[in-house]
Structures are given as C-alpha cells and as structure tokens.
Amino acid sequence: MSRKIRVLVAKPGLDGHDRGAKVVANALKDAGMEIIYTGLHQTAEMIAESAVQEDVDVVGLSILSGAHMTMFPRVMDLLREKGAEHIMVFGGGIIPEEDVEKLEKIGVSRIFGPGTDTGKIVEFINGRFQDED
Amino acid sequence: MSGKKGFEEGKRKYLDSFGKGGLLDVDFTTVSGAPVENLYASDDIEGLDYMDELGFPGQYPYTRGVYPSMYRGRLWTMRQFAGFGTAHDTNRRYHYLLDHGQTGLSVAFDMPTIMGYDSDHKRSEGEVGRCGVAIDSLRDMETLFDRIDLAGITTSMTINAPASILLAFYLSAGEKKGTSFEKMGGTIQNDILKEYIAQKSWIFPPEPSLRIITDILGFCSDHVPKWNTISISGYHIREAGSTAAQELAFTLADGFAYVEAGIAAGLDVDKFAPRLSFFFNAHLDFFEEIAKYRAARRIWAKRMKEKYGAKDEKSMLLRFHTQTAGCTLTAQQPENNIVRTAFQAMSAVLGGTQSLHTNSMDETLALPSEKAVRIALRTQQMIAEETGVINTADPLAGSYFVEAKTREMEAKAEEYFSRIDELGGVVKAIEQGFFQMEIGRAAYAYQKAVEAKKKIIIGVNALMVEGEEIDIPLLRIDPEVENQQVKAIRDIRAERDNDKAARELERLGTAAAGGDNLMPVMLDCARVYCTEGEIIEELKKVFGEYEEPIFL
C-alpha cells in the first residue's frame, strides 16, 4: 500500500472514558498510521459522516457505557447506506463475551477487550491491509 | 558504635555491600513511575518537625487524621456505589446492601441522567439504565428511596453538571416524606472542573457552571447544613491515567479554585469550606497511596489557613471518600481482583479515609452482580473487624519511608500548583489542555511500560491462563428497562399540571439570566415534576453548551 492506513478513532455514546481511545490512537500513530480522533459524545451519524468524509480505511469505536448493542449496529448500517462497507470497523470497551459474538456476526471485524496489548491491534490492522496488497 | 559517627559508618558499609549478591531485574519504581530507594533512614526525614508537619490526630495540620479518636470513635462509612436499570431495580439493591451491613448509600446514575437528557431523548437510546439508574423526575427519586429514612442515612450522588437538579429532586423527595432539609445529610459530587479535566461529562461552559456551584454553596450553607456540597474528585483523574502526584495536585488545585470562586461570589470562607469534601482513588502502590492521603490533608490545612484566611478548624479539615481503582481490575482471571481491591482498601484505611467503596471483581465485564458486591463489602468489614488496623490512628507515621514519601508528594504537588498559576489558573489551564495532555501522556507511558513488561499485571502480561473460561455470573440489564422508563416519563407529562410546569421553567430561565440563586426555583421545578431534561434545556438557552477542544 502506497499511502498510510487512515484510521478514525471514535467515541460513540454519552460516556466520557477516553483513556483507552487515546492510548490506542497514540499507539496506532506510533505504528505509522494516520489518525483522526473524533472527540467525545459522538452520534452514529456523526461517526459515519466523518468516516466517509475523511476517506478512512478503518474505524475504531470505543464505548464503555453499555450502549454498544445500539451504537455499533447503527454505525455499521450507516456505513453500508453510504456505500462505505469497505471500511473495516473494530472496537473496544466493556463488552461481555456474548455481545462480542453478536457484534462480530454483523460485521465488526474484532472487539479488543480490557488488557489488550496495543501491539496486537497494530498487528491485526496491518495484517488486514497486507492481505489486500 | 552509636551516634552520628556510627550512623555514617553503618550507612557507608550498607552502601558498599548493597547489591553485591546481584539484584533482580525489576523496575523498582512506583506504579506512577516515581523512583524508590532500597532503604529509607533517619537522614531521609532530616529536620522533621513533629508539630509543624504532623501534629496529633484532629490537630493542625491534620497529617495524622482529621479526628482525635479516628476509627475508635467511628469507622469509615461503608458506601458502595450502586445504580442500574430503573429506580425500582436500584431501590431493591439498596435494601439488599443495607440488609448486609452497609452504612451509607451512593447513587450511580446512567449516562443520560449524567448528561442531562431525559430517557425519551434521541441521544439516550441504548443508554437508559445501562451504567447506572435512570432518574428523570422527582417521581423516580421517590421510588429510589422508597422505604428508606432520609434522616437516618447519608446519601452520596455521583452527579456533576446537573447536580443542582438531582439535589433538588432528593430534597423534594425527603420533603414529601416529611423530612426537613436540615435533617438530610449527604454529598453531591458537583465537581465540574474535573469533568473538563478527566471524566468528560460536562454540559455548560465553565463560567455558568461555576455560578451554579456557588449558588449551591450559598443555598446549602443556609438551608441544608449537613450537605457536602462538592466532592472534589481525584478519582477520575487517576482513572484517566494520571500519576499519584498528578491526582493529588490537580484535585487540590480544583479545590482551591472552588474556594476562590466562593470567596469571589461574596461568601464567607468559613461558611462554605467546612462542607467541601474530597474523593480519592486507592491505586495499587500501597505506600505511595498512603503518602498521598497524608500529604493531601497537610497541604489543604495549610493553604486554607495561610492563603484563604480560614479561621474555623472545620474549613481546614480534608475529609475524604475513597474508591479502589477500577482501572487496575483485570478482565482476565477476574477473581484476582478481590485481592487487588483488598490491598487498595487497606491503603485507604491506613491513610485515614472517612468513607470507602470497594470495587467488585466483575466490573471490567459488567455492572457488579449481587454476589460480587457482597464480597467487596465483606472485604471492608474484614479490614474493620478482623485485621486490627483500626486500633491505632495513622499507624505508619514516623516510618522513614512514609514520611519521606509524604514530603515528596507535597513537593511535587507544589510544583504543579506553580505551573497551574503560571498558566493563569485552573480554568485557563483546562482551556489550554494542560491537564488533559499531562494525563494522556502518563496513561500512554504506563501502557508502554506494561507492554514492555516493565510493569507487571498478573493475568495480563504475566501468568496468563490460556483459553481461560470466565465462570462468574454477570448482571444483565433487561432491554425492557428503556421502554419502561420512556413510558414512565410520558405518563408524568400526561399526569402533571403542565401549565404550572411551564411557569416554573420560565421562572428558572429568568433566574438564570439574572443573578438570583437558582436553587429555590430549581426546587419549585422539581415539586411540579418538571423533568431533568426540561430543566437542562431551559438552562442551555441561557448558558449555552461546552465544546471540548480536541487534545490527543
């Protein structure tokens, strides 16, 4: 790939826990990716809109308020509606195992739980894009 | 050989032989990355003046505790933070906790309540009752405290931007039970500065937010004398990734900013300062935490007396609540969290806390189940009843290590105070992203240390269990909760006197635009069942909304 991988790191929902989102954003940046951070309290519409406008390859969603089963599917639907289903979506936060399975079924590529090594996230994203080269 | 010469001889020998047999390849720093020596001795606390730096418990500068009898007089309040689903669900949890020996209540609100949205607002979808209890109006507050005597218990409410409204709901709920305002005791967090800094649940910009806070300070000192009007919080600063010294410094700096705002609003410092309380994090590094609590008491007392001219001793007392560190809990081998929490709780007690919440083992996975929360409460009860640590006030005083660390904490905090002053004070520092970037950097540095295995987290980067199956029961929030809550708020709007509600909201708007204390009108709004969202919308028209500049 000639250009850097562009990643939108987004905080959907109402909670303000941005430690994880910022740590992941910094780690991806250090790994050579281009990062756009949305800031807090984003609606699904705002996130999908930014993803398309910024022409990103990847969207990372971080949510710790328990609203993941509402927010993730909505972002996925909106991306599809905008013809942007090629954008890879991953996520993290306080998300129980059974919900992880459901989210992966609707096309979320991976949920990274608490305690994940940021190196694993970098590896996962790079792996996806090497395949396509 | 004894005396000074003997000391020097002994120290020289010690330094010569130190490390001779080899040392472990371990990063000997605190969890905050602060260096620690192998040994502390009398020369590390040179010139320690007992009365100036420590004093007796209950005496200035209160380093050794805020009360003379400490835990022999009264144990800390065992106060588990709880809230989920509807007011009815949470009321049941409160009765469960009280039946198991809990001595105070602490309300966790859901995100819509924290952000000022009613349950039927578009932004509330998927969030209602999820990470706390949904409270939309006085009706929900009445349900929340059903069969609980509000004169017989104190209640802490973790609410900030809309604190005035939830306080009005609470006071009105008591009023309807026949409990007078003077008899009701409790705490609202009401610490908006740390929201901009760390917790990020704001509504209005800083200036009107501080005006609401000084209105609360004024109203409560006249009418609700037992209410703790601000719980100045380091907890969230630490959870966001700060070091111990940053937590200490930023929290106290916020405290000073509130004191200055109160004085600027024309209030007598001794009238409101006695009702300010604090809220700290109990993190993993045992002695660093104890030093932090002790330094906090000393710094606060000295500043209140010397800088702000407090005369009443109560204005100088730093009373605090502690919660064990949620960010140290691991999703891996969750039962291990019981042990982590016990160590953290012990540090809070040895540090002289007035009140304590112990986290449950399952909180990285979901809100705590009944069983998990009972173990967490039992942890506190074991510390109180079985370990013997309550027998003696401030038992670690005089330890070369603890006294040296306490001094170091104080010095680091003073350095930060100077930097904040140079930036033009707390609000200006927030606008420049100073705190946010300091915390972000510390969080990332810690993450890198963990990934390089310089800092070990059992179960995460060491001693992992392959293919671990989590087999603890988790609390699930019924998705029906949202529908029930939406229906309930529609019922309220149908049943109440809507003309009255509209009139009170209009009065509130006028008071907000003018300079009158907002609390009396807020109470009138509560009494006629205006909803939280309606009240916030009215205030937004006058105060506007805060938007955070993005700092990465």
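Basis for what follows: all heavy atoms, side chains included, without hydrogens, waters or symmetry-related copies. Reminder, nothing fancy here: chain letters follow the sequence lines and each chain counts from 1.
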### Query
Atom NZ in B:Lys200, atom NE2 in A:His41: separation rounded to 0.5 Å?
9.0 Å

### Summary
So, the part of B:Leu365 with a heavy atom under 4.5 Å from chain A: the answer is backbone

### Task
Against chain A, label B:Glu451 side chain, backbone, both or neither, depending on which of its atoms sit under 4.5 Å from a heavy atom there.
both

### Task
Check whether A:Leu40 gets within reach of chain B through its side chain, its backbone, both or neither, counting any heavy atom under 4.5 Å.
side chain

### Query
Can you tell me if CD on B:Glu547 sees more than 12 non-hydrogen neighbours from other groups inside 6.0 Å?
no

### Task
Rounded to the nearest 0.5 Å, what's the gap from OG on B:Ser201 to NE2 on A:His17? Could you check?
7.5 Å

### Stepwise side chain to side chain contact (heavy atoms under 4.5 Å, CB included) check, A:Arg19 with B:Tyr446
CA-CA 11 Å; A:Arg19 176 178 182 167; B:Tyr446 177 72; 3.8 Å; yes

### Message
Which heavy atom of A:Val23 sits nearest to which heavy atom of B:Tyr444, and what is that distance?
### Response
O-CE1, 3.8 Å

### Residue B:Pro479 versus chain A: region with a heavy atom under 4.5 Å
neither

### Query
Would A:Arg74 and B:Glu125 satisfy side chain to side chain contact (heavy atoms under 4.5 Å, CB included), going step by step from the backbone distance to the final call?
CA-CA 11 Å; A:Arg74 197 170 285 170; B:Glu125 262 177 79; 2.6 Å; yes

### Task
For each of A:Gly20, A:Ala25, A:Gly39, A:Ser65, tally heavy-atom pairs with chain B at distances under 4.5 Å, and name the one with the top tally.
A:Ser65

### Message
Quick check on the structure: residues of residues 115-122 of chain A within a heavy-atom distance below 4.5 Å of chain B, by number.
### Response
A:Gly115, A:Thr116, A:Asp117, A:Thr118, A:Gly119

### Query
Roughly how far, to the nearest 0.5 Å, is CZ of B:Arg130 from CE of A:Met69?
9.0 Å

### Query
B:Gln447 versus A:Asn26: any side-chain heavy-atom pair under 4.5 Å?
no

### Query
At a heavy-atom separation under 4.5 Å, does A:Ala21 approach chain B through its side chain, its backbone, both, or neither?
neither

### Message
Counting heavy-atom pairs closer than 4.5 Å to chain B, which one of A:Ala27, A:Gly93, A:Gly13 comes out on top?
### Response
A:Ala27

### Query
Which one, B:Ala443, B:Ala331, B:Cys131, B:Ala240, leads in non-hydrogen pairs under 4.5 Å with chain A?
B:Ala240

### Task
Kindly determine whether A:Glu97 and B:Ile470 satisfy side chain to side chain contact (heavy atoms under 4.5 Å, CB included), including the steps that lead there.
CA-CA 9 Å; A:Glu97 196 50 46; B:Ile470 307 284; over 6 Å; no

### Task
Calculate, to the nearest 0.5 Å, the distance between atoms CG and CD belonging to A:Leu14 and B:Glu127 respectively.
4.0 Å

## Note on the structure
Pair count under 4.5 Å, heavy atoms only, with chain B: among A:Ile95, A:Ile94, A:Val9, highest is A:Ile94

### Query
Given a strict heavy-atom distance threshold of 4.5 Å, which part of A:His68 is in contact with chain B: side chain, backbone, both, or neither?
neither

### Query
With chain A, which of B:Gln199, B:Glu239, B:His236, B:Arg123 has the greatest number of heavy-atom pairs at distances under 4.5 Å?
B:Arg123

#### Entry: Rounded distance [0.5 Å steps], CG in A:Leu64 versus OG1 in B:Thr364
10.5 Å

### Query
Which bit of A:Glu98 is near chain B, if near means a heavy-atom gap under 4.5 Å: side chain, backbone, both or neither?
side chain

### Query
Where do B:Arg476 and A:Asp99 land on the salt bridge (charged side-chain N to carboxylate O under 4.0 Å, His left out) test, with the steps shown first?
CA-CA 11 Å; B:Arg476 305 291 308 182; A:Asp99 291 348; 3.4 Å; yes

#### Entry: A:Asp15 side, atom CG; B:Asp110 side, atom CG - distance, nearest 0.5 Å
12.0 Å

